[in-house]
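Right, one structure below, let's go through it.
What's counted below: heavy atoms across the whole structure, side chains too, no hydrogens, waters or symmetry copies. Each chain gets a letter, A, B and so on, in the order its sequence line appears, and its residues count up from 1.
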Number of protein chains: 2
Amino acid sequence: MPVSTLTDPTLKDAHYLVDTGFEHGEMLTIVGKCEVDYDGRASSHLAPGERLVILKPDGTLLVHRNKQRKPVNWQPPGSTHSARLDDNRLIVESVRSSPHEELEITFQTVVQVSRLEVDDVSDLELEGSEEDLRQRILADPDILETGFNAMATERETSAGPIDIYGQDADGTPIAVELKRRRVGPDAVSQLNRYVEALERNRPSKSVRGILVAPSVTERAKQLLTSEGLEFVSLTPEQEDISQPIGFSEDADK
Amino acid sequence: MPVSTLTDPTLKDAHYLVDTGFEHGEMLTIVGKCEVDYDGRASSHLAPGERLVILKPDGTLLVHRNKQRKPVNWQPPGSTHSARLDDNRLIVESVRSSPHEELEITFQTVVQVSRLEVDDVSDLELEGSEEDLRQRILADPDILETGFNAMATERETSAGPIDIYGQDADGTPIAVELKRRRVGPDAVSQLNRYVEALERNRPSKSVRGILVAPSVTERAKQLLTSEGLEFVSLTPEQEDISQPIGFSEDADK
DNA sequence: ATCTCCATATCGTTG
DNA sequence: CAACGATGTGGAGAT
């Protein structure tokens, strides 16, 4: 994984390294004092300060400050980067089309610029998502409600797809909406839209709606009640219900 | 803006630079081959590959690949970082409390590590947000509807705060929900919650609900109709309606 | 600390 | 391409 780094370079040398990085499709980092202008879905200006700029070969651009998780400015993947020298400044420009967005970074000084040839093909393995919660219910529908019969996932309605569609022990249709974390009123409204869409299709038959999440906020609880919807508490992770082995020696006697 | 950089360092030297960076509250970047394990709100594993790791003095940690705008793994501000050598590996660990989250990065090799002393106090000036849309309407309520009287912003209801609360020319209450971009069914449900909350408070009086956004999706349009809500098309940006000066010389004659 | 909602949200998936 | 919904959403403001 070769890396080419310049420390306290002239802007001309920095410009050269950046351009060769573009040509070779490499990741670039630039550290220096710069100002940033953005115009697109919104528009912004950031007065001069020291920042870390990252340019990725897929067209991503990030401007990071010394605080916060999110970049202060950015361009999404697919953008086109370029660099030029102008009036004793190094200017990095990034343009995106559809929607049209422009970002311009003007460096007064560059203290470090690096070309990074990055090899990374591994996939992230993530557990604890909404999909895991769905699998948990499909593997054992009774944890939702005794006698629950899961009949379809992502069942289409005029209001959008239902996470799990099924019936209770009496054959009453149920729409199930899954959330991996504590939910507010928005999730209740979402479930309500699906239930009402199902009811419009079969005006004669009542439809139950069950929200599945670890917990709900108080306002969401009120809304569930007023809309006649139900709540079941479940987390994406399996609870560890295994018993410690050889724990109750005395009790066995 | 001093910067200390090591290229292709031993893990021992990399460890030393990282530790001194922690002590001085500086931003750190580490480039190298690593694997990443996360456990907290969810859990994940990322097999070895070459990545750029950023550690900020506020406790933020970012792991960036050569693609995508979002980091593949991260820790939010407020986390506590540490580094250690173990079994010919450099291990960077980050812990957050409330909720408890751990992230561990195991470096097989480090090709570059940098300490960056970053000075940045400027504020971002952003235009085109929902707040600008609100200002636009408050400055000239007639652009929403002739005779509209804006009476409050963020007015509290049992369903949450209404962006703009007012009355039409007839004195009928109106709840206005603002969105800076094209909206789907979620925004319609949100507005509907506010309107129903207002109607519960004054069962005798009808309440109008107006969604203000650049445009709506087809499904949102259907939902607006079925819920008896209205839509007004507006963008956060002022339209430039000024006439070119001296354009119609001939027409003047 | 929790709750609520905005965001240049980003991202994957589907039609 | 638009649309729809998940996200370890992040972040701000209010309570």
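Taking only side-chain nitrogens and oxygens, A/Q68 comes nearer than 4.0 Å to OP1 or OP2 of D/dG11. Remark: B/R69 is not in phosphate contact with C/dC11, judged by side-chain N or O atoms under 4.0 Å from OP1 or OP2.
A gap of 16 Å separates the C1' atoms of D/dG5 and C/dA7, to the nearest Å. Taking atom C1' in both C/dC6 and C/dT10, the straight-line distance is 14 Å, to the nearest Å. C/dC11 and D/dG11 have their P atoms separated by 15 Å, given to the nearest Å. Across C/dA9 and C/dC5, the matching C1' atoms stand 13 Å from one another, rounded to whole Å.
If you measure from atom CZ of B/R65 to atom P of C/dC11, you get 13 Å, rounded to the nearest angstrom. The interatomic distance linking A/I162 (CD1) with D/dA6 (C1') rounds to 17 Å, in whole Å. A/E177 has its CD atom 12 Å from the C1' atom of D/dC4, to the nearest Å. Taking atom CZ on B/R134 and atom P on C/dC5, their separation rounds to 13 Å, with Å as the unit. Here the C1' atom of nucleotide D/dG10 and the CH2 atom of A/W74 are 11 Å apart, to the nearest Å. Rounded to whole Å, atom P of D/dT9 lies 14 Å from atom CG of A/L124. Protein atom CD of B/E218 is 16 Å distant from nucleotide atom C1' of D/dC1, rounded to whole Å. Regarding A/E125, its CD atom lies at a distance of 16 Å from the C1' atom of D/dG8, rounded to whole Å.
Between the side chain of B/R51 and the backbone N or O of A/V118, no donor-acceptor pair lies under 3.5 Å.
For D/dG8, the base has a donor-acceptor partner in the side chain of B/Q75 [N/O atoms by modelled type, under 3.5 angstrom].
Side-chain contact annotation: A/K179 with A/Q190, donor-acceptor N/O pair under 3.5 Å present. Looking only at atom types and distance, the side chain of A/T153 has no donor-acceptor partner in the side chain of A/D163 under 3.5 Å away. No hydrogens or angles considered: a donor-acceptor pair under 3.5 Å links the side chains of A/Y38 and A/E101. The closest side-chain donor-acceptor pair between B/H64 and B/K70, if any, does not fall under 3.5 angstrom. A side-chain donor from one of A/S215 and A/R182 sits under 3.5 Å from a side-chain acceptor of the other. Judged by distance alone, the side chains of A/S189 and A/N192 never bring a donor and an acceptor atom under 3.5 Å apart.
Of the two residues contacting DNA chain C, namely A/R219 and B/G128, the nearest-nucleotide position lying further toward the 5' end is that of A/R219. Projected onto DNA chain C by closest heavy-atom contact, B/L178 and B/S98 fall at different nucleotides, the more 5' of which corresponds to B/S98. Positionally, the nearest nucleotide of DNA chain D for A/A159 lies more toward the 5' end than for the other of B/E101 and A/A159.
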Begin from the C-alpha positions of B/E199 and B/R208 and carry the test salt bridge (Lys or Arg N to Asp or Glu O under 4.0 Å) through to its verdict. CA-CA 10 Å; B/E199 286 176 336; B/R208 293 174 58 195; over 6 Å; no
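Here B/E154 pairs with B/R134 in a salt bridge; the nearest charged N to carboxylate O distance falls below 4.0 Å. Looking at A/R84 and A/E104, a side-chain N of the basic residue comes within less than 4.0 Å of a carboxylate O on the acidic one, giving a salt bridge. Using a 4.0 Å cut-off between a side-chain N of Lys or Arg and a carboxylate O of Asp or Glu, B/E130 and B/R181 do not qualify as a salt bridge.
Residue contacts for A/E156: at a heavy-atom cut-off of 4.0 Å it reaches no nucleic acid atom on any strand shown. At a threshold of 4.0 angstrom between heavy atoms, the contacts of B/P77 are confined to the sugar-phosphate backbone, with no base atom among them. Here A/P76 lies out of heavy-atom contact (under 4.0 Å) with every strand.
Contact check of residues 179-199 of chain A against DNA chain D (heavy atom, cut-off under 4.0 Å) returns A/K179, A/R180, A/R181, A/Q190, A/R193, A/Y194. Shown for residues 29-44 of chain B: residues whose heavy atoms fall under 4.0 angstrom of DNA chain D, namely B/Y38, B/R41, B/A42.
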